[in-house]
2 protein chains.
Amino acid sequence: MGGIDSRKGARPIATISDVAKQAGVSRTTVSRYLNGHLEQSSDNAQKVAQAISALKYRPNLLARSLRSATTHSVAVIVPDLTNPFYPELLSAVETCLAQHGIQVFVGQSRNDPRREPDMLRDYFSRQVDGIIYVAAKSQPDPVLRQIAESIPVLILDEEIVGFEQETIRVDHELGLYQAAKYLLDLGHRQLIYLAGPSHLVTTQLRIQGLQTALNERGGQAAVEIVAGGYSMDAGRMWAEQFVLHPHHPTAVLCANDLVALGVHRAFSKRGIAIPKTVSLLGFDDIFVSAMVSPTLTTVRQPLHHMGRMIADRLLQAGQRRHVPASRMVVPPELIVRESTAPPPW
Amino acid sequence: MGGIDSRKGARPIATISDVAKQAGVSRTTVSRYLNGHLEQSSDNAQKVAQAISALKYRPNLLARSLRSATTHSVAVIVPDLTNPFYPELLSAVETCLAQHGIQVFVGQSRNDPRREPDMLRDYFSRQVDGIIYVAAKSQPDPVLRQIAESIPVLILDEEIVGFEQETIRVDHELGLYQAAKYLLDLGHRQLIYLAGPSHLVTTQLRIQGLQTALNERGGQAAVEIVAGGYSMDAGRMWAEQFVLHPHHPTAVLCANDLVALGVHRAFSKRGIAIPKTVSLLGFDDIFVSAMVSPTLTTVRQPLHHMGRMIADRLLQAGQRRHVPASRMVVPPELIVRESTAPPPW
DNA sequence: TAAGTGGGTGGAATCGATTCCAGAAAGGGG
DNA sequence: CCCCTTTCTGGAATCGATTCCACCCACTTA
C-alpha cells in the first residue's frame with residue numbers, strides 16, 4: 001500500500017496558477033483574494049475559495065517573500081542551548097514573535113566567536129527580517145557591521161564596543177553591586193568573584209559594580225577576581241582547587257548560575273557546608289537554582305520582560321518606522337534564598 | 001554620522017546582476033562561478049571573484065530556494081521550551097544539522113494540540129525540507145497527513161496512531177518495565193505511577209511496561225495509576241494530596257523528571273524523606289536531575305544518539321533517495337541515583 | 001581546407017508569488 | 001443618449017536566483 005515513494009512529487013503541490021485555472025480567473029485575482037483585496041462575497045471570491053480548498057492550496061512563502069522583501073522570520077543566535085538560561089530566553093522571544101506571525105530560526109555558536117560571522121551571514125542571506133544576537137564576544141566584526149546596515153540586529157545581554165546598535169541587556173553593574181552590597185551587609189569581608197571571560201564587556205561591568213560596593217566600605221573588605229568560563233565545569237574545577245586553598249573567602253559570587261551550581265555540587269561532595277562555611281551567589285536565576293538544596297541566592301534577569309521588549313523592538317523596526325538605535329538596560333533583581341548567610345565568624 | 005535611518009535601503013544589497021555588470025560577464029557566468037561550475041583559475045572567475053568581494057555580494061537564498069526547490073532548512077516543533085528536555089534535544093539536533101548547512105526553525109505548541117495544524121502548515125508553506133515533530137497528541141490530523149506526502153515528517157518521542165511515518169522514540173514500554181522491575185527487586189510492593197495524559201500512546205506503552213513487570217511477580221505487588229500532566233506543578237499538586245493520603249505507596253514513578261522534581265520539592269518541604277520514607281523515580285534524565293539532593297534515579301533517553309539519528313534520517317530523505325518510513329525505537333537506560341532505596345519495612 | 005568535437009558563454013525561460021497599468025464593464029449625471 | 005468616473009479584471013513585469021539551449025570559437029582530425 002502506498003507505493004514505493006509516497007514522498008516528494010507524489011502529490012504535486014498546487015500553485016497560484018493552478019488555483020487560477022481551476023477557478024477560471026487570473027492569477028492576479030487569486031492573489032488579490034489571498035491578500036484581502038477582493039470583496040469576500042463576490043462571485044469570483046467564491047470560485048477562488050472553492051478552488052483553494054479543492055486543491056488544498058497554500059501560498060509558497062518563499063515566492064511571496066522574494067517579491068515582498070519581507071520574510072516574517074528572525075534568527076536567534078545563542079551561545080549554547082544546554083545552558084538553561086538561553087532556552088528560557090528563547091522561549092519568551094518565540095512566544096512573543098509567534099503571536100505576530102513571525103517564525104524563529106535558532107542557532108548555537110557553541111561559545112565559539114569564530115563561528116558567529118558565518119552564522120550571521122547565513123541568516124542574512126536567508127533574508128531574515130532581523131537578528132537577535134547573544135554575542136559570545138565584545139568585538140564588533142565587519143560582517144556584523146555590514147548586516148546591521150540592512151536589517152535590525154539586536155544585541156542581547158552582551159555589549160559590543162563601538163557598535164552603535166540596538167542593545168537590550170540587564171544592568172550588570174547594578175546586579176553585582178546589589179549582590180556585593182548584600183553580602184557585605186551580612187558581614188562578609190573576604191569575597192571571591194568567579195568571573196566570565198575577561199575580554200567581555202559584561203565581565204568588566206560586573207567588576208565595576210563589585211568595586212563600587214567595596215569602595216563604599218572604604219577598604220574594609222576585599223575581593224579576589226578569577227576569570228573563567230560560564231560552565232558548570234568552570235565552577236567545579238575552581239571549587240576543587242578551593243578546598244586546598246589556604247586563605248578562605250567567606251562568600252563566592254559566580255558569573256552565572258551554572259558556575260554556581262558547579263561549585264554547589266563540588267562543595268556538597270566535599271562536605272563544605274553552604275551557607276554555613278561559605279555563602280554562594282549566582283547570576284541569571286535559571287529555574288534549577290530554586291531546585292537545588294540549599295536553594296541558590298542569585299541575581300535574576302527579568303527574562304520575560306526582556307523577551308517582550310526584544311520582540312517589540314523588532315516589530316517596530318520591521319514596520320520601517322524609524323526607530324533610533326537605543327540601549328535598553330533593565331534592572332535585575334536580587335533573589336535571596338538559602339545559599340547565603342552571615343559569615344561563620 | 002549615520003543620518004536618520006541607517007537601516008533598510010541605506011546600502012542597497014547587491015544582486016547577481018550587479019555582480020555580472022561589475023565583472024562584465026553575464027548572470028549565467030556568475031551563477032556558474034557560485035556553484036563551482038567555472039574553472040577557478042579562469043580569467044572570468046577572477047573578475048567575478050573581485051566583483052563579489054567589492055560589492056560584498058551574498059546570494060539571496062530565497063531566490064535560490066525558489067528555483068531549486070530546496071531550502072536547507074527544517075522546522076522543529078516542540079511542546080514547550082521551558083521543559084529542559086526539549087532544549088537538550090533541540091541542541092543535539094541543531095548541532096547535527098548545522099554541520100550539514102541546514103538551519104533550524106523552532107516553534108512551541110505550548111502543549112496545545114490545537115495550535116499544531118497551523119504550525120505545521122506555516123512551516124510547510126515556508127518550504128522547509130522536513131519537519132521534526134514532537135507531538136502533543138496521538139491523533140493524526142489531516143493536515144499532518146497531507147504534509148507528510150510532500151516532505152519528510154519525523155515524529156519524535158510520541159507515537160501517532162494509524163500514521164505510517166518515520167518515528168523515532170525511546171522504548172517507553174521497556175523504560176517503565178526496567179524502572180518497575182528495579183523497584184520490585186528492591187522490595188517495593190506498593191507503587192504509584194504519576195502518568196502523563198491518558199490519551200497519549202506513550203502513556204499507554206509505559207503502563208504496559210509497568211504491568212509486565214508486575215505480572216512477572218504474579219500479583220504480589222500492586223500499582224496505582226494517576227493520569228496527569230508533564231509539569232512540575234502536576235507533581236507538586238499530587239504530592240500535596242499524598243501527604244493526607246491514608247495508604248502510602250512506598251515508591252513513586254513519574255511521567256518525567258519535571259513531575260518528579262515537583263514531587264521532590266513538595267516532599268522536601270513537608271519533611272517526607274526521600275528515599276527513606278518513599279522512593280522517587282523519574283523519566284528523561286534532564287541535567288537537573290543530577291543536581292538536586294538527593295539526586296534523582298531516572299530512566300535516561302539517549303538524547304544525543306536520538307538527535308544524531310534524526311538528523312541522519314532527515315539528510316537521507318533530503319537526498320531524495322528512497323527511504324522507507326521506519327519506526328526506530330531506541331533503548332532507554334536506567335540511571336540509579338540516590339532517590340531510590342528499599343522500602344522502610 | 002572542411003567538417004566534427006568540445007568547452008565556454010550568454011539569452012531567455014523558469015520557480016511562484018505581487019503589483020503596475022491599461023482596458024473593459026458598470027454606474028451616474030448632464 | 002453620451003460621456004465621465006469608478007470598479008473590476010487580467011496581461012505583463014518584477015523579485016533574484018538557476019538552467020536549458022543555441023551559439024561561437026578554437027582545436028583536432030580526415
Side-chain angles (χ1 to χ4, degrees), chain A residues 8-9 12-48 51-52 55-73 121-122 124-129 150-151, chain B residues 8-9 12-48 51-52 55-73 121-122 124-129 150-151:
Chain A
K8 278 209 157 62
I13 296 174
T15 72
I16 198 170
S17 297
D18 300 329
V19 174
K21 199 183 299 170
Q22 173 103 357
V25 297
S26 74
R27 294 209 303 276
T28 312
T29 301
V30 177
S31 173
R32 276 198 265 262
Y33 173 85
L34 294 172
N35 295 287
H37 303 322
L38 197 58
E39 195 68 42
Q40 281 294 323
S41 58
S42 80
D43 193 41
N44 276 348
Q46 296 298 323
K47 288 192 288 187
V48 171
I52 285 178
L55 295 172
K56 298 192 200 302
Y57 166 76
R58 294 240 85 204
N60 181 326
L61 295 185
L62 244 42
R64 178 177 286 180
S65 293
L66 177 60
R67 186 66 230 261
S68 61
T70 162
T71 54
H72 296 282
S73 68
R121 250 199 295 256
D122 286 347
F124 181 61
S125 294
R126 273 190 201 276
Q127 315 294 111
V128 294
D129 293 339
S150 298
I151 59 171
Chain B
K8 279 214 154 60
I13 297 174
T15 72
I16 198 172
S17 296
D18 299 328
V19 174
K21 199 182 301 171
Q22 173 101 358
V25 299
S26 74
R27 294 208 303 274
T28 310
T29 301
V30 177
S31 174
R32 275 199 266 261
Y33 173 84
L34 293 172
N35 295 287
H37 302 322
L38 197 58
E39 193 70 41
Q40 281 292 321
S41 59
S42 81
D43 193 40
N44 277 347
Q46 296 298 321
K47 288 193 288 186
V48 171
I52 285 177
L55 295 171
K56 299 188 196 305
Y57 167 77
R58 295 238 86 203
N60 182 326
L61 295 185
L62 245 40
R64 178 177 287 180
S65 293
L66 177 59
R67 185 67 230 262
S68 61
T70 161
T71 55
H72 296 283
S73 67
R121 249 199 297 253
D122 286 348
F124 181 61
S125 294
R126 275 192 200 274
Q127 316 292 114
V128 294
D129 293 340
S150 297
I151 59 172

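Each chain gets a letter, A, B and so on, in the order its sequence line appears, and its residues count up from 1. Just so it is clear, the structure is predicted and the values come from calculations on it, not from any experiment.
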Once rounded to the nearest 0.5 Å, what's the spacing between atom [atom1] of [X] and atom [atom2] of [Y]?
X     : Y      : atom1 : atom2 : answer
B/E39 : B/N44  : CD    : CG    : 12.0 Å
B/R32 : B/S26  : CZ    : OG    : 6.5 Å
B/S73 : A/D122 : OG    : CG    : 12.5 Å
B/R64 : A/R126 : CZ    : CZ    : 10.5 Å
A/K56 : B/R121 : NZ    : CZ    : 10.0 Å

Output yes when at least one side-chain N/O atom of B/N44 is less than 4.0 Å from OP1 or OP2 of C/dT9, else no.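 Yes, because at least one side-chain N or O of B/N44 sits under 4.0 Å from OP1 or OP2 of C/dT9.
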
Looking only at side-chain N and O atoms, does A/T29 come under 4.0 Å of OP1 or OP2 in D/dG10?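 For A/T29, the contact criterion (side-chain N or O under 4.0 Å from OP1 or OP2 of D/dG10) is met.
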
Check whether any side-chain heavy atom of [X] sits under 4.5 Å from a side-chain heavy atom of [Y], and report yes or no.
X     : Y     : result
B/D18 : B/Y57 : no
B/K47 : B/V30 : no
B/N60 : B/I13 : no
A/T28 : A/S31 : no
B/V25 : B/Y33 : no

Between protein and nucleotides 15-25 of chain D, map the contacts as a letter string: B base, S sugar-phosphate only, - none, heavy atoms under 4.0 Å, written 5' to 3'. BBBBB------

In degrees rounded to 10°, what angle is found between the helical axes fit to the five outermost pairs at each end of the helix from C/dT1-D/dA30 to C/dG30-D/dC1?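 End-to-end axis angle: 60°.
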
Distance in angstrom units between B/K47 NZ and C/dG8 C1', rounded: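 For the pair B/K47 NZ and C/dG8 C1', the rounded distance is 13 Å.
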
Atom NZ of B/K21 and atom P of C/dG10: how far apart are they, to the nearest Å?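 Taking atom P of C/dG10 as the reference, NZ of B/K21 is at 15 Å.
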
Enumerate all atom pairs, one protein N or O and one N or O from nucleotides 23-25 of chain C, separated by less than 3.5 Å.
none

